[in-house]
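A quick write-up on the structure given underneath.
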Amino acid sequence: MHRSKERPADRSITPPAPPASSAPSAPSAPSGSSDFLQLNIVEAPAGRRSDWLARELRRAIADGRLPVGSRLPATRVLAAELRVSRGVITEAYQRLTEDGQLAGRRRGGTVVVAAPVTATAGATASSTEMSTARAPARGTASSTASSTDAAPSVHRDRPATPFAAPPGPEIFDELRTAPARIDLSPGVPDLSAFPRTAWLRAERAVLAGLASTELGYGDPRGTPALRLAVADWLARNRGIRADPDEVLIVSGTAQALGLIAQVLHRDGIRETAVEDPGSLGAQQHLRHWQQATPPVPVDEYGIRVDALRASGARAVLLTPAHQFPTGVVLDGGRRRELMRWAADGGLIIEDDYDAEHRYDRAPAPALRSLLADQVCYAGSISKLLAPALRVGWVLAPPRYRTALVDAKRFADLGNAALPQLVLARLMESGELERRLRLLRRRHRQRRDAMIAAIRAQLPGATVHGAAAGLHLTITFPPGVCRGSDTDLAAAALARGVKVQPLSWHRQIPAAPGLVLGYAARTPGEITEGVAVLGEALKGG
């Protein structure tokens with residue numbers, strides 16, 4: 001989961017300590033780019049932007065990324081994202097309207113109404129070349145807490161504070177229920193912004209048209225409506241072309257990892273390498289299903305593919321679009337190395353974490369869009385709507401597709417149908433794109449508030465991952481953090497502020513740090529919370 005280069009502080013989790021007078025600052029905005037079809041205006045020839053956009057739209061229609069019935073962004077919205085005049089967009093749309101491929105539907109927007117009978121080889125090849133050219137600027141990483149043994153046993157008697165012992169399987173439940181005045185835990189979206197009115201409106205519409213037969217047992221892969229909506233969403237926003245029959249609806253990325261781990265174990269694959277640092281929770285899920293998780297280090301360009309080869313692992317879990325927790329993006333060179341590793345028989349499990357939430361860089365193309373037969377792709381709606389919905393999706397390589405459907409069938413017979421139908425309606429109506437634009441503005445303000453507070457209260461800290469996502473990671477140079485980062489997190493919790501220590505997400509020891517979520521808190525709460533961290537760091 002990159003054209004424009006990120007700030008040096010975003011490139012690596014262990015950079016040299018900045019001078020005492022230096023402080024983190026907000027990254028500068030990138031040149032115009034859009035999640036829609038992964039468009040980047042820097043690729044347009046000077047003076048021929050409408051020609052370029054019309055050509056990109058025709059390619060997307062020809063190769064299936066924009067199937068008949070797809071809704072295009074409003075001209076003013078796409079013009080704002082690409083930072084061009086609205087006339088550029090209007091002219092491109094008009095050309096395809098005159099060709100008979102688009103039609104205006106007033107309140108329904110501009111819709112694809114016709115496509116070539118078959119996609120041409122030339123269009124497909126050109127699209128692939130464009131995707132390859134859009135490789136990201138700098139690296140990623142991901143990992144977790146222990147290394148390569150079997151699933152850890154459950155600790156029956158945990159200490160009162162979550163930070164008094166190494167994290168066990170129940171650690172996130174403990175941290176979630178620990179009382180705190182300000183919760184800066186990562187991975188939590190702004191739950192107060194859940195679109196209740198739009199959800200209720202869609203739910204009423206679904207129920208009004210629902211046949212009684214649709215209330216029975218359904219396809220374990222998910223409802224046809226949601227699988228189609230997800231396929232269209234991925235084509236528009238992640239550059240992934242997939243048939244709805246390839247989409248498997250699951251209960252979030254957590255279940256996706258569990259199902260994949262079971263299938264790999266039965267296929268004789270007992271190790272899934274993970275980036276380091278990375279998600280403790282992801283490693284816990286893999287380890288629960290008897291997958292060893294050897295760590296692979298990450299530098300400013302992303303995962304070290306040479307170290308991945310040396311590990312001997314046949315599968316690897318990656319978060320290439322926005323790595324948790326460092327926020328780096330997998331570099332184009334590393335992507336090519338990774339493709340060669342996969343071509344030699346390796347399997348990539350792509351967790352498309354936080355791909356939509358970006359502020360100061362161009363969209364990062366999904367690995368699945370470049371290497372479908374070697375990538376098992378997982379995404380979810382948790383960070384865009386709410387984790388409580390428990391809705392995600394998996395696109396598996398052909399050799400694992402049937403086995404994953406079987407694993408899902410015997411896990412729960414499939415997700416609940418009604419929420420799937422409501423979500424499909426929201427996706428098809430354009431509600432999710434509207435919500436994403438709203439959230440980006442809100443999250444940018446909160447991110448900026450956290451950076452400003454870190455500058456004022458933690459001047460020795462280095463900020464990572466500011467260009468995208470819902471959290472920041474900070475690291476401390478030698479001598480600034482007198483104890484461990486778990487000690488610092490415990491001291492903050494004692495003062496009423498909840499954070500996660502970076503060491504929880506490491507297998508390879510390195511600089512101490514904290515992982516701080518900002519999406520669910522107001523700027524005022526963020527400022528106060530970081531001030532408390534400053535007090536805890538000083539021991540005051």
Side-chain angles (χ1 to χ4, degrees), residues 6-15 17-18 22-28 138-142 182-190 277-280 298 300 319 321-329 353-361 383 439-440 442-477 480-481 485 488-489 492 497-506 510-534 536-537:
E6 301 181 28
R7 302 160 50 242
D10 286 337
R11 291 182 176 179
S12 168
I13 199 61
T14 54
S22 69
S25 59
S28 58
R138 287 290 176 262
T140 95
S142 177
I182 301 173
D183 188 352
L184 298 181
S185 299
V188 182
D190 185 359
S279 168
L280 168 61
V298 167
E300 70 266 32
T319 52
H322 182 258
Q323 192 270 337
F324 181 90
T326 67
V328 292
V329 179
Y353 182 81
D354 274 357
E356 301 92 350
H357 299 287
R358 59 179 185 81
Y359 319 112
D360 300 298
R361 63 165 171 79
K383 302 302 187 292
L439 289 177
R440 277 181 178 159
R442 181 176 297 181
H443 291 160
R444 185 193 295 269
Q445 292 172 350
R446 296 178 179 187
R447 187 243 4 222
D448 291 348
M450 181 169 278
I451 290 177
I454 292 170
R455 180 187 301 120
Q457 304 294 336
L458 303 169
T462 299
V463 175
H464 310 265
L470 305 179
H471 72 274
L472 297 177
T473 292
I474 58 174
T475 53
F476 302 100
V480 173
C481 187
D485 53 15
L488 178 57
V497 174
K498 196 182 300 185
V499 298
Q500 286 185 16
L502 179 58
S503 60
W504 273 10
H505 304 285
R506 287 191 183 280
L514 298 174
V515 189
L516 311 174
Y518 54 76
R521 302 272 69 88
T522 66
E525 290 172 328
I526 290 168
T527 300
E528 181 183 355
V530 175
V532 170
L533 290 179
L537 187 63

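In this text the structure is predicted, and so the values were computed from the model without any measurement.
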- Note on the structure: Nearest heavy-atom contact between I474 and A461 is CB-CB, 4.2 Å
- Query: At what distance, to the nearest 0.5 angstrom, does CG of L439 lie from CG of D190?
  - Reply: 7.0 Å
- State the CD-CG distance between E525 and D183, to the nearest 0.5 angstrom. 10.0 Å
- Item | Closest non-hydrogen atom pair between A466 and L472, with its separation | CA-CD2, 3.5 Å
- With respect to F324, which candidate in V515, L280, D354 satisfies the side-chain contact (heavy atoms from CB on, under 4.5 Å) definition? V515
- Message: Quick check for you: to the nearest 0.5 Å, what is the distance between R446 atom CZ and D448 atom CG?
- Response: 12.5 Å
- Item | Check against side chain to side chain contact (heavy atoms under 4.5 Å, CB included), T326 and T473 | CA-CA 6 Å; T326 67; T473 292; 5.7 Å; no
- At their closest point, which heavy atom of I526 faces which heavy atom of A449, and how far apart are they? CG2-C, 4.2 Å
- Please name the pair of heavy atoms, one in L533 and one in L488, separated by the smallest distance, quoted to 0.1 Å. O-CD1, 4.4 Å
- Any side-chain heavy atom of L537 sitting closer than 4.5 Å to one from C481? yes
- Task: For A456 and P459, work out which heavy atoms get closest and say how close.
- Result: O-CD, 4.3 Å
- Message: What's the separation between atom CG in L184 and atom NZ in K498, rounded to the nearest 0.5 Å?
- Response: 10.0 Å
- Query: What is the distance from atom CZ of R442 to atom OH of Y518, rounded to the nearest 0.5 Å?
  - Reply: 14.0 Å
- Query: Distance-only, no hydrogens or angles: does the R440 side chain make a donor-acceptor pair with backbone N or O of E356 under 3.5 Å?
  - Reply: yes
- Item | Nearest-0.5 Å distance, CE of residue M450 to CZ of residue R455 | 13.5 Å
- Taking the six-membered ring for Trp, is the centroid-to-centroid distance between H443 and H357 below 6.0 Å? yes
- Item | R506 with D485: basic N within carboxylate O range, under 4.0 Å | no
- Message: Classify the ring geometry of H471 against Y353: parallel below 30°, tilted from 30° to 60°, perpendicular beyond 60°.
- Response: tilted
- Message: Can you confirm whether R361 sits close enough to H322 that some side-chain heavy atom of one is under 4.5 Å from a side-chain heavy atom of the other?
- Response: yes
- Are R444 and D360 close enough, and set up right, to give a side chain to side chain contact (heavy atoms under 4.5 Å, CB included), and what steps lead you there? CA-CA 9 Å; R444 185 193 295 269; D360 300 298; 3.1 Å; yes
- Item | Nearest non-hydrogen partners of V532 and A492, listed with the distance | CG1-O, 4.5 Å
- Query: So do V328 and H464 actually touch side chain to side chain, heavy atoms under 4.5 Å?
  - Reply: no
